[in-house]
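Being a predicted model, the structure only gives us computed values, none of them experimental. Numbered from 1 within each chain, the chains take letters A, B, ... in sequence-line order. Atom set for the values below is all heavy atoms of this structure, side chains included, hydrogens, waters and symmetry mates excluded.
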Amino acid sequence: MWNIHNTRLARFHLLLLSISLFLIFCGCSNEAPENQVFELLIRDQSVLEENQILTVRQNDIVTIVVKADERLRFHLHGYDIEEITLPTKPATLKFTAGATGSFPFTAHVDLADDDHDHGHSNSEKHLREEIELGRLEVQPR
Amino acid sequence: MRIIARRRVALVILGVPLTILLATLYSTPAYAHGFGARYDLPLPLWLYIFAAGAAVVLSFVVMTLFIRGGTNPYDYPRFNIIHSRFTKILAHPFLVLPIKFVSVSVFVIVIAAGSIGDQTPNDNFAPTWVWVIWWIGLAYISALVGNIWIIVNPWRIIFGWGEALYQIITRTDGHREHVKYPKELGHWPAILLFIAFSWAELIYRDSADPVRIAQMVLVYSMITWAGMLVFGKENWVRHGECFSVFSSLLGRFAPTEIRVTDTLVCLKCNAECADLEDTCIGCWDCFTRAQSHQKEFNIRPFAIGLLNSPDASTSTMFFVLIILASVTFDGFTSTPAWSEIAITLFSVITIPSIIGSLGLGAFVLLFIGIYLGFSGLISIATGHRMSVFNTSRVFVYSLIPIALAYHLAHYFSFLLIQGQLIIPLASDPFGFGWNILNTADYKINISIVNAKFVWITAVATIIIGHILAVYLAHVVAMKKLTQRHDAIRSQYPMLVLMVGYTMISLWILAQPIVETGTRG
């Protein structure tokens, strides 16, 4: 049977629903994607502080040029892109940042085993030599 | 089986998991990379400030608009979806039989895959199922749909099948003597097991290793079945099986309930399920034994189940506080603040798992201490009409929406992204290169959810959880404190506590994720 308490409950749920709808319909951006180019210099298995967080917007076309003082396998997690960089031949990663989030990029030193599973194996040898260099932050538009 | 003989069997059963536990602790440690990558962006500052402000403002709005005379928590709108002859079939026991078979099959696969499958966490069914789909999904479903665990609990199902088989073999009616569950014991067995589980989830460095997961499941199975053997299945499920207690607490928030309208049915239930108003809500045992005209499957308002429960017992209160503490600690360990604390402590304590254990213990004690402190303030504000302990037991359920909201907000994107891993694993649970369901080649889509949507949903969830908590606390206050001015005064300390807790939740979400070695 409907009573005053049910009316209050109904008002209460209406208030909650209104808040939810207001927040969910917060505005969207129509800015055009941009080309973003980054150059990472890896020395002694680390990068400069200003390159530890790379920030782009969603759908930007991202180019990361990786130069290192030794042979490394550069891996961008999440997007799961990896390239080998040599002292004589930098690696270039080019992709569209379609997914938002904060994605670590790492370097693998041990390149003897080509069958290892990046970042997901329990091999002590492999994991000891995966170094987190920084993160790519893809912000929403 | 006589009680004494059952105790001996229980002791033997308990000896098995203890042996396994000792063996696992002594085994060569494996370096766990960490299971389940997280790619969340922290809440932007403007949204953090907006949410914090909204929580405070809306708290006063709720108190002003809705603070009225006491309401009967049992008088709420509900709709029985099995009232017609066509929908009655939804409550038929045979409908849940396939669900039970699936649940037990998955349970067996977890143990088998963990034991003999590929030991790479992402290539094995066990870690993704246990830590992503089951543990996170269970919380979501229990809170947002209903306490489904009472149906799919594999330990309960298997023990029930064992009991049925025993009846057939011994040609008895199934009536067995049990040790009467000591009322003083309350939920303490569940609390201890939940603390152990939280430690395994948050601290134990091998928690993502498939073989360790299989071993932990086996250990917990033995403990659970020993408890059921001694105290009876329903009594142990209600008091000792920690995931049943956990999902039962969250299920009070859910918009569904099962109800037995004729409590004569409960006379055969040894779990003493009827509450103080002589209604039976949430007891699956009674629900399955009741006739169709004696039971209801209701849709009801969210969170109303937190109001129509009897006051929490002392052990239940501690269980709720430990849930709150462990959920919050889980998020805190991913923040730069914890990273600094851990690095500082590492210079003194060189074992990360001890640092993590101390952190978890400190959080639990902090939550309990702060909550009891604020309960003391409420007691003082109301002129000691209720003691500190009674106050703390009365109001503890009202904190559940805040913890729940944070949990949902924290794991939303993780469940959507990492949870996709179950798709290829369903085709190849052991990592042997199978493709049973033709989904083995599925790749995780990391763009399935946009960060802005995640932020907005997280903030909305936390604000709603906060408002619900404030509302529940005021209804409880009006019910327990007959004087209106006492009820209003009691809400000021509670409001400060709730705003503080909500701020902590928002602050954690606004922090960048930092992977700190609190494991191993």
Side-chain angles (χ1 to χ4, degrees), chain A residues 1-13 15-29 53 55 57-59 76-80 96-104 106 116-128 130 132 135-141, chain B residues 30-35 37-42 44 47 50-51 54 58 61-62 65-66 68-69 71-73 75-77 119-123 206 208-210 301-302 304 413 417 443-457 459-461 463-464 467-468 471 512-513 515:
Chain A
M1 189 177 188
W2 198 263
N3 57 35
I4 185 83
H5 176 59
N6 298 342
T7 304
R8 279 188 218 132
L9 265 177
R11 274 194 217 141
F12 187 68
H13 281 76
L15 174 66
L16 296 181
L17 184 63
S18 306
I19 295 166
S20 309
L21 289 173
F22 169 72
L23 288 171
I24 286 171
F25 285 113
C26 280
C28 302
S29 168
I53 304 287
T55 304
R57 304 291 292 271
Q58 190 178 13
N59 295 327
L76 176 64
H77 290 257
Y79 284 87
D80 216 18
T96 302
T100 55
S102 178
F103 306 98
T106 60
H116 63 198
D117 188 4
H118 286 289
H120 307 301
S121 165
N122 278 333
S123 161
E124 189 170 352
K125 181 173 183 297
H126 160 66
L127 292 171
R128 195 166 47 232
E130 181 182 27
E132 180 162 331
R135 302 182 84 89
L136 171 73
E137 287 192 356
V138 183
Q139 297 284 342
R141 293 195 166 273
Chain B
Y31 187 99
H33 177 60
F35 180 74
R38 300 209 57 160
Y39 305 127
D40 303 329
L41 282 170
L47 195 51
F50 167 80
L58 289 170
V61 168
V62 168
L65 283 183
F66 296 102
R68 293 285 186 270
T71 54
N72 182 356
D75 180 24
Y76 54 86
Q119 293 300 303
T120 306
N122 276 16
D123 293 338
D206 295 345
D209 282 1
F302 276 98
I304 207 71
S413 62
I417 294 176
K443 297 289 179 208
I444 289 177
N445 177 8
I446 57 173
S447 59
I448 194 170
V449 62
N450 180 278
K452 191 181 277 187
F453 179 76
V454 172
W455 291 336
I456 300 297
T457 308
V459 164
T461 305
I463 292 176
I464 291 170
I467 293 171
L468 278 171
Y471 177 77
I513 289 179
E515 306 254 344

For this session: Go through the steps to decide whether A:Thr100 and B:Lys452 satisfy the test side-chain contact (heavy atoms from CB on, under 4.5 Å), and finish with yes or no.
Result: CA-CA 9 Å; A:Thr100 55; B:Lys452 191 181 277 187; over 6 Å; no
Exercise. What is the minimum heavy-atom distance between B:Ile446 and A:Tyr79, and which atoms define it?
Worked result: CD1-N, 3.8 Å
Problem set entry | Exercise: identify the closest heavy-atom pair between B:Ser447 and A:Gly98 | CB-O, 3.9 Å
Exercise. Which bit of A:Gln58 is near chain B, if near means a heavy-atom gap under 4.5 Å: side chain, backbone, both or neither?
Worked result: side chain
Exercise. What part of B:Val454 lies closer than 4.5 angstrom to a heavy atom of chain A: side chain, backbone, both or neither?
Worked result: neither
For this session: Pick one of side chain, backbone, both or neither for B:Asp40, based on which atoms fall under 4.5 Å of a heavy atom in chain A.
Result: backbone
Exercise. So do the side chains of A:Ile53 and B:Pro512 get within less than 4.5 Å of each other, counting heavy atoms only?
Worked result: no
For this session: Specify the closest pair of heavy atoms between B:Trp455 and A:Gln139, including all atoms of both residues, with the distance to one decimal.
Result: CH2-OE1, 3.6 Å
Problem set entry | Rounded distance (nearest 0.5 Å) linking atom CG of B:Leu41 with atom CZ of A:Arg135 | 9.0 Å
